[in-house]
Structure formats: C-alpha cells, structure tokens
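Report on one structure; see the data block that follows.
Treat the numbers as computed from the prediction; the structure is a model and nothing was measured. First the proteins, then the strands, lettered A, B, ... as listed; each starts at 1.
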Number of protein chains: 2
Amino acid sequence: MGQVDARRFAAMAEFRYELRRFLHFSETSAEAQGISAQQYQLMQVVQATSAEARVSISTIAERMVLRHNSAVELVDRAERLGLVERLADEDDLRRSLVVLTEHGRKVLAHVAAAHLVELERAGPMMVQALERLGVSEASKRGTEAK
Amino acid sequence: MGQVDARRFAAMAEFRYELRRFLHFSETSAEAQGISAQQYQLMQVVQATSAEARVSISTIAERMVLRHNSAVELVDRAERLGLVERLADEDDLRRSLVVLTEHGRKVLAHVAAAHLVELERAGPMMVQALERLGVSEASKRGTEAK
DNA sequence: AAGCACTATGTCGTAGCACGATAGAATAAG
DNA sequence: CTTATTCTATCGTGCTACGACATAGTGCTT
C-alpha cells in the first residue's frame, strides 16, 4: 500500500473539495437554464468534438465517459427537451449523428459563459491544490519526497 | 451568445473531459476496494477536516457539498460497511461525531494512494487546460510548496 | 422555569440516472 | 451468402440525493 504523507493527503482533500463545489455549481447553473449538468456537458461535447458539430452516439459515450446505452438515454432526454436532434448518417445507416438545435446552442452559450466565470474562481484554487500535491506539471515521475 | 470564444470553449471542454475521466477512475478505483467514490470522499473529509478526525454530520454535509439528510444517509451506509463509527458528542448531545474505524483507515490509505498515482497523469492535463482557459493565475512560482 | 426559537440529526417516499442484459439492423469479413 | 462485428435502441434494476417531515437537545427570553 503506497503511503500518502499528510501534506499531500490534505492537498488531495482540498482539491477534491473544490471539485465538488465546482460540480455543484455546474449542476445549479445548468438547472437555472432548465437543463441538467449532464445535458450541458453533452452539448459541450457535441459542439467541441467535431468541426461540423455532428457526433455519433459512440463518440458521445466515449467523450462523456459513459456506456453506449447511457449515452443513448442522455441523448433521448436532451432531444425531448429540444436541445439536440438526431440525423441519420448517410454513409453508415446504423449511426445517428447528434447535432445541436438553435435552442440548444443558445442554452449552451449561457451555461458555458456562467461556467467560465465560476472557473475564474475555482480554477486557481484547483491549480494551487494540484501544485501542493506536486502533480501540476508533467514529468513528475518518481519525484517522491517523504 | 458568443461570450466564450472558440479557443476557451475548447479548453473548457477539454478540462471537463479530464474531469470526467478522473471521476470515473475515482469510482472504479474505490469500487476495487469495495466502496463507492462517495464513501472514499467521506473518509477523506473525516481524516482531513479535523485534527482529531472527529467530524459532525453538519460539517460532513458542508464539506461533501450535500444536504444534511444526504450526509446522514452517506454515513449510514459507510457505518454499515464498517468504514466509520458514530460517537456521541458529550458537549452537545444532538451531535454525532464520525470517526474512521481501523478498517476504514486501511481502505482509505489504499484508495488515496491509487488516486495520487492517477493524479500524476490527470493533474498536468487539467492544469494545462485551465492555463489555456486563462484561469490558472494562482500558479505563480513562489506559492509552490517546499 | 416555562415557553419559544433554533440547531442537529434522523426517517421516509420519490425521482433521476447509469448500468447490465438483451435485441435488432447495418456493415464488414470470410 | 453466411457469419461476425459494430452501432443504436429498449427495458428492468439498483443506488443515491433530495424535499418534506419528525424528534431531540440547546439556549435565549420573559
């Protein structure tokens, strides 16, 4: 069992606390626009992943870190809210390509803007905690000080 | 609508993706030790919050960013697994003070160690994304731990 | 010291979501 | 053409956070 010294343990706890606060903000901020944090992230993935903003369910599952069937259900709910639409992929009829609706784009813009503001507060806190943890830069392998 | 430019939008999406991967790791890594990620974080809070490692339900709720009744239920489940114990606060009989059991400490050490390893990979990725977002300003050298 | 407000913890029913198992259609491979 | 694989979809289940409510202890006010 690898040992984690008290200083790093505290830094990790602090990082995790900031994470929880951020995630809670994300939930609240999304719900203020009538959607869930998962739906916000879904739209974020659709917008960011592909240049044409057409993303398959499989890609969504991968990027959302979900099982395929959970991605299907997530898209179902978002579609029901009019945030996204399914289009048939003409090159591969098995595929559904998910795109944002006009309404989805509008809601996404609002929620993303709110997140950016919050990250101006939370970002530095997280970075600070990760620095204290000693994991803020790559190539830290084997730098274990006790 | 376009309050968030494309570069920052992409950085935010990337940060969020790393977050999801980390959270998924956390879940998996905790379950490998027979507990949930929430139970891991509960123990982390108990261990890190107070010097004597005795924490009230209210404090747990605050640090876990949960409603108090959810904190009660979280402690219930953790207690049932033998990870934590409730002690009566002699100064205020309304309070239950939560402490780790020997078994809880052992499991916590394992899971925390695994998280530290994962953060050596994920930490730099998150910091990088936050830097690209322009919200990492606390990362000035000098606040670096000794 | 009785009354009242406030705090802390606990209980219960509900809703939402991710998952495993399963299915069916399209495509690829042989 | 037959079989295997990929992709999306459906259904039932379990877990957990929540709101509403309940109970008990504390402390302030009169």
Side-chain angles (χ1 to χ4, degrees), chain A residues 19-21 23-28 30-32 34-42 45-46 49-50 54-81 83-99, chain B residues 19-21 23-28 30-32 34-42 45-46 49-50 54-81 83-99:
Chain A
L19 222 54
R20 288 191 295 268
R21 288 185 64 185
L23 293 174
H24 183 257
F25 164 85
S26 184
E27 201 69 53
T28 304
E31 273 162 16
I35 67 174
S36 70
Q38 283 294 81
Q39 286 163 353
Y40 159 59
Q41 290 178 86
L42 167 64
V45 162
V46 171
T49 298
S50 126
R54 310 163 137 251
V55 186
S56 73
I57 297 282
S58 307
T59 304
I60 287 171
E62 187 179 47
R63 278 253 134 193
M64 287 296 294
V65 192
L66 289 175
R67 300 287 170 191
H68 301 144
N69 49 340
S70 303
V72 168
E73 293 168 328
L74 181 58
V75 171
D76 282 346
R77 295 188 292 267
E79 195 171 22
R80 226 171 287 137
L81 285 182
L83 301 169
V84 303
E85 274 181 329
R86 278 177 167 93
L87 301 180
D89 184 346
E90 291 166 358
D91 298 334
D92 186 340
L93 294 178
R94 291 171 301 184
R95 283 197 183 130
S96 285
L97 294 180
V98 177
V99 298
Chain B
L19 222 54
R20 288 191 295 269
R21 288 186 64 186
L23 293 174
H24 183 258
F25 165 84
S26 183
E27 202 68 55
T28 304
E31 273 162 16
I35 67 175
S36 70
Q38 283 294 81
Q39 286 164 352
Y40 159 59
Q41 290 177 87
L42 166 64
V45 163
V46 171
T49 298
S50 126
R54 311 164 136 249
V55 186
S56 74
I57 299 281
S58 307
T59 304
I60 287 171
E62 187 180 47
R63 292 293 288 187
M64 287 297 293
V65 192
L66 289 175
R67 301 286 171 188
H68 77 273
N69 49 338
S70 303
V72 168
E73 293 167 327
L74 181 58
V75 171
D76 282 346
R77 295 187 292 268
E79 195 172 21
R80 225 170 288 136
L81 285 182
L83 302 168
V84 302
E85 273 181 329
R86 277 176 167 94
L87 301 180
D89 184 346
E90 292 167 357
D91 297 334
D92 186 341
L93 293 179
R94 291 172 301 184
R95 283 198 183 127
S96 285
L97 294 180
V98 177
V99 299

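Taking every heavy atom of both residues into account, B:Ala37 and B:Ser26 meet most closely at CB-OG, 3.9 Å. Taking all atoms of both residues into account, the shortest heavy-atom contact from B:Ala78 to B:Leu42 is CB-CD2, 3.6 Å.
Comparing B:Val65 and A:Ser56 by the nucleotide of DNA chain D that holds the closest heavy atom to each, the one mapping nearer the 5' end is A:Ser56.
Taking every heavy atom of residues 66-77 of chain B and every atom of DNA chain C, pairs under 4.0 Å involve B:His68, B:Asn69, B:Val72, B:Glu73, by number.
Contact check for A:Asp89 versus A:Ser56: no side-chain heavy atoms found under the 4.5 Å cut-off. Residues B:Asp92 and B:Arg95 form a side-chain contact, since some pair of their non-hydrogen atoms from C-beta on lies under 4.5 Å apart.
Atom-to-atom, CZ of A:Arg20 to C1' of D:dA17 comes out at 15 Å; the value is rounded to the nearest Å. If you take NE2 of A:His24 and C1' of D:dC18, they are 11 Å apart, rounded to a whole angstrom. In this entry the distance linking CD of A:Glu79 with C1' of D:dA9 reads 12 Å, nearest Å. Computed from coordinates, the A:Ile60 CD1 to D:dC7 P distance equals 14 Å when rounded to whole Å. Distance CD (A:Glu31) to C1' (D:dG19): 14 Å, rounded to an integer number of Å. What separates CD of B:Gln38 from P of D:dG14 is a distance of 21 Å, to the nearest Å. The separation between B:Leu93 atom CG and D:dG27 atom P is 10 Å, rounded to whole Å. A:Glu62 has its CD atom 14 Å from the C1' atom of D:dT6, to the nearest Å.
Evaluation of atom-type donor-acceptor distances gives a pair under 3.5 Å for the side chain of A:Arg94 against the base of D:dT6.
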Steps toward side-chain hydrogen bond (donor to acceptor under 3.5 Å, both in side chains) verdict (B:Arg77, B:Gln39): CA-CA 8 Å; B:Arg77 295 187 292 268; B:Gln39 286 164 352; over 6 Å; no

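The CD1 atom of B:Ile60 sits 8.0 Å away from the OG1 atom of B:Thr49 when rounded to the nearest 0.5 Å. A distance of 10.0 Å separates CD1 of B:Ile35 from CD of B:Glu27, quoted to the nearest 0.5 Å. Rounding to the nearest 0.5 angstrom, the gap separating the CG atom in A:Leu19 from the NE2 atom in A:His24 is 14.0 Å.
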Considering only distance and modelled atom types, tabulate donor-acceptor pairs under 3.5 Å from the side chains of residues 64-75 of chain B, sequence neighbours left out.
none

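The side chain of A:Arg86 contributes an N or O atom lying less than 4.0 Å from OP1 or OP2 of D:dA9.
Taking every nucleotide of DNA chain C with any atom under 4.0 Å from a non-hydrogen atom of chain A, the first and last of them, 5' to 3', are C:dC17 to C:dT27.
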